[in-house]
Each structure stands twice: as structure tokens, then as C-alpha cells.
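Just below is one structure, and these are the notes that go with it.
These numbers were taken from a predicted model, which means no experiment stands behind them.
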Amino acid sequence: MSKHLSWSSLSLFWACPEAWRLQYLVPDRPRTSNTALVTGSVIHAVIEEHAHKQLRSDNDTVLLPVKDLVRKHLVREWPLVQLTREEKMLPAEVVFDNVAKTCERGASLYVSDILPELRLAGVEAEFSVTHPTWNGWSVNGFIDLVEERNDGGCVRDIKTSKRAPDTTVADTSDQLTIYALAYFAETGRLPAAVQLDYIILSARTHVLPPRVSFRTKADLLQMVNRIAVTTRAIEALLAKHSDEAPVFSPALRGSFGRCKPATCQFYDVCPMGGGAASSEEYDLSALRSLPVEPSGDSRA
């Protein structure tokens with residue numbers, strides 16, 4: 001196994017190491033999807049094509065209409081879709097058309113109302129970040145949009161959902177912390193803001209007011225530390241020394257109220273919890289961005 005991690009692999013390991021093992025270590029695991037995942041993927045793909053055109057100021061290239069772009073990407077993704085019991089009660093072509101219409105509404109809204117207002121500096125910006133405490137592992141991924149603002153750069157991630165999330169969702173997003181870490185490794189500066197753009201796919205499709213937050217160097221240090229703990233746990237799992245592998249990777253110390261003595265019996269003794277703070281031993285100046293080489297599976 002290559003020593004590359006992504007946001008999705010990290011988040012899965014933090015939620016359940018056994019699920020991570022089944023996802024990444026079991027050979028010939030069949031790949032499947034569902035209509036919700038495909039809807040988000042297709043909307044992202046359509047927005048990405050328009051954003052790339054805008055970033056290049058490319059007035060010569062004419063993109064397909066959103067409806068046709070949606071169908072192009074949906075046809076590509078559809079063979080992986082496993083329909084639910086309720087969806088199977090409808091003809092497959094009806095389910096396909098319903099998904100396509102949902103994608104068209106969401107993508108059209110963002111492309112027409114949000115993208116034209118942005119001063120883009122990056123689209124699906126690829127990154128590969130490492131730190132000496134990560135035992136040779138790197139964290140790879142793609143940032144949906146990087147925006148230039150008068151006060152600095154803003155890292156934006158696009159989400160699709162049927163319901164509006166809590167207004168503090170950007171404050172508690174580990175994904176945005178990792179993206180801020182990648183931005184810092186590349187530029188040597190903290191992003192001025194990190195932001196989630198939610199497209200709500202309800203009967204009245206709409207884009208929420210942006211969920212905006214920021215990250216401090218302390219936040220980045222905590223994430224560096226957490227990934228260091230995680231890489232050691234993964235290596236113990238890979239070596240099959242289950243007695244040495246933590247059964248979970250602890251929550252960030254005091255981060256956004258997620259780590260509390262009331263909900264964790266190990267809070268007072270955990271080096272990442274309410275006990276000794278260990279993140280200060282690591283040095284952000286050692287964080288660096290690796291040369292990016294395209295890899296087919298780095299989004300997984």
C-alpha cells in the first residue's frame with residue numbers, strides 16, 4: 001500500500017479503523033455508489049468545468065449546456081449506482097431522469113449565481129503535504145475552489161445536501177482544517193477564510209449563505225499532531241500488531257468543543273484530550289508541500 005492519505009481516508013479511519021481496513025486493505029473490493037453520492041459528484045463535475053473555463057478566462061471554448069454536461073457525467077457514473085428498495089419500485093429510467101433534473105437545478109444555480117462573482121486562483125487545486133512526524137506518509141487531495149480576496153486567499157468546498165446544516169458547520173470541519181494546512185504548506189500563509197458552500201437539493205433548490213470560518217496556527221498544529229497519531233495507528237494495523245494499534249484516533253484537543261470530559265472517560269489522561277498538550281512539540285515550519293504527480297485514486 002502506498003503511503004498516501006486523503007481527507008476521505010482519514011475521516012473514515014477516525015470514524016472506524018475496521019471500516020478503513022475493509023475499504024483500503026481488502027483486495028478486489030467491489031466499488032459501488034448510490035444516487036446521493038452520484039448527485040454530488042455530477043454537480044461538482046459540472047461546476048468544475050465552468051470554473052476551469054472562468055479561471056482561464058477562456059472565451060473561445062464553448063461548453064455544453066448544463067443539462068447536457070449533467071447527462072454526460074451521469075451516464076459515466078450510473079453503472080456504479082446501487083438503487084435503494086424505494087428507488088427500485090420505479091422504472092430505472094425514471095430514477096435516472098429524477099437524478100438528472102436534481103443535478104441540473106443544483107449545478108445551474110451555482111454556475112449562474114455564485115461562480116461569476118468569484119475571483120478564482122485555483123480550481124480542483126491538487127495538493128500533497130507531508131511532515132516529519134508522519135513517518136513518510138503524505139496527505140493528498142483536491143481543493144474545490146481557491147478564491148483571491150483583498151484580505152487574502154479563501155479556501156472553498158462545495159457541498160450538496162437535502163437539509164441545511166448547522167451554522168457552525170465550517171467551524172467544526174476537519175476537512176477545511178486539512179485544506180488550510182495544505183494552503184499553508186504551499187504559500188507559507190494562513191488562508192484568510194475557509195468556507196463551505198451548500199447547495200440544498202430540496203423542492204426549492206437554493207444555495208445557502210456561505211458557512212465561513214478561519215483557522216489559526218494552533219488549529220494546524222493540532223491537525224499535524226492528529227495525523228501523526230493516525231499514521232502510527234495505521235502502521236500498527238498494517239503490521240497486524242492489533243495490541244499496539246489504538247482503537248480510535250482521538251479528537252482534537254479542545255477543538256471547537258468536540259472533545260469534552262463529559263463524553264470521554266479518557267479525557268484527563270489522553271495526550272490529545274484534556275491532559276498534556278503534545279502538539280507544541282511539532283514545528284509548522286517543517287510542513288511542506290510535495291511536487292504533485294497526478295494519481296488516479298488520490299481523490300478516494
Side-chain angles (χ1 to χ4, degrees), residues 8 31-84 86-88 90-126 141-149 154-165 179 195-211 294 296-300:
S8 57
R31 183 186 168 207
T32 61
S33 187
N34 56 53
T35 53
L37 290 174
V38 164
T39 298
S41 176
V42 169
I43 289 175
H44 271 78
V46 173
I47 293 172
E48 179 186 342
E49 289 199 39
H50 280 268
H52 271 301
K53 184 176 186 295
Q54 180 173 316
L55 178 65
R56 296 191 301 262
S57 300
D58 184 0
N59 296 320
D60 297 328
T61 300
V62 178
L63 294 178
L64 292 171
V66 166
K67 179 178 181 179
D68 294 331
L69 282 176
V70 163
R71 303 226 165 217
K72 179 185 78 171
H73 289 289
L74 190 54
V75 166
R76 185 180 305 157
E77 298 273 356
W78 198 252
L80 298 175
V81 171
Q82 298 290 319
L83 299 181
T84 65
E86 291 77 12
E87 289 168 340
K88 287 179 179 178
L90 298 172
E93 59 271 18
V94 172
V95 179
F96 180 94
D97 285 341
N98 288 342
V99 173
K101 290 174 182 176
T102 299
C103 293
E104 290 165 25
R105 291 196 303 270
S108 296
L109 196 59
Y110 198 93
V111 165
S112 63
D113 293 359
I114 307 299
L115 266 185
E117 303 300 319
L118 305 185
R119 195 152 47 105
L120 295 176
V123 175
E124 283 295 302
E126 190 172 3
F142 298 81
I143 301 173
D144 285 353
L145 301 173
V146 180
E147 181 188 7
E148 290 180 353
R149 296 181 178 178
C154 175
V155 171
R156 302 174 72 124
D157 190 68
I158 302 168
K159 301 289 187 187
T160 55
S161 176
K162 291 184 178 180
R163 299 177 185 85
Y179 290 175
Q195 177 173 321
L196 295 174
D197 293 344
Y198 269 88
I199 304 172
I200 304 302
L201 305 173
S202 59
R204 185 182 66 84
T205 299
H206 59 288
V207 179
L208 289 178
R211 297 330 197 208
D297 251 353
S298 56
R299 294 173 190 245

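When all heavy atoms of Phe96 and Trp78 are compared, the pair lying nearest together is CD1-CD2, 3.6 Å. When every heavy atom of Val146 is checked against every heavy atom of Ala125, the shortest pair comes out as CG2-CB, 4.2 Å. When all heavy atoms of Ala51 and Leu115 are compared, the pair lying nearest together is N-CD1, 3.8 Å. Contact between Leu55 and Gly122 at its shortest, heavy atoms only, is CD1-N, 4.2 Å.
Counting heavy atoms from C-beta outward, Ile200 and Val207 have side chains that stay 4.5 Å or more apart. The shortest distance between side-chain heavy atoms of Arg105 and Leu201 does not fall below 4.5 Å. No side-chain heavy atom of His50 sits less than 4.5 Å from a side-chain heavy atom of Lys53. At a threshold of 4.5 Å between non-hydrogen side-chain atoms, the residues Leu83 and Val95 count as touching.
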Pair up each side-chain donor or acceptor in residues 34-44 with any protein partner under 3.5 Å, not counting sequence neighbours, and list the distances.
from: Asn34; atom 1: OD1; to: Ala36; atom 2: N; distance (Å): 3.1
from: Asn34; atom 1: OD1; to: Leu37; atom 2: N; distance (Å): 2.8
from: Thr35; atom 1: OG1; to: Glu87; atom 2: OE2; distance (Å): 2.7
from: Thr39; atom 1: OG1; to: Thr35; atom 2: O; distance (Å): 2.7
from: Ser41; atom 1: OG; to: Glu77; atom 2: OE2; distance (Å): 3.2
from: His44; atom 1: ND1; to: Gly40; atom 2: O; distance (Å): 2.8
from: His44; atom 1: NE2; to: Asp144; atom 2: OD2; distance (Å): 3.2
from: His44; atom 1: NE2; to: Ile158; atom 2: O; distance (Å): 2.7

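The local environment of NZ in Lys162 is sparse, with at most 12 non-hydrogen atoms from other residues, nucleotides or ligands closer than 6.0 Å.
Side-chain N or O atoms of Tyr198 include none that pairs as donor or acceptor with a backbone N or O of Pro209 at under 3.5 Å. Not a single donor-acceptor pair under 3.5 Å links the side chain of Arg156 to the backbone N or O of Pro210.
Remark: Thr61 OG1 to Glu49 CD distance equals 11.0 Å, nearest 0.5 Å. For the atom pair CD (Glu48) and CG (Leu145), the distance works out to 9.0 Å, reported to the nearest 0.5 Å. Interatomic distance, CD1 of Ile114 versus CD1 of Ile47, reported as 9.5 Å (0.5 Å rounding). Atom CD of Gln195 and atom CG of Asp157 lie 10.5 Å apart (nearest 0.5 Å). If you take CZ on Arg56 and CD on Gln54, they are separated by 11.0 Å, rounding to the nearest 0.5 Å. Of the inter-residue distances, the one linking Asp68 atom CG with His73 atom NE2 reads 11.0 Å to the nearest 0.5 angstrom.
Applying the side chain to side chain donor-acceptor pair (under 3.5 Å) test to Tyr110 and every residue at least two apart in sequence or in another chain returns Asp197.
Contacts classified as salt bridge (charged side-chain N to carboxylate O under 4.0 Å, His left out) and involving residues 91-100 (residues at least two apart or in different chains) are given here: Arg71-Asp97.
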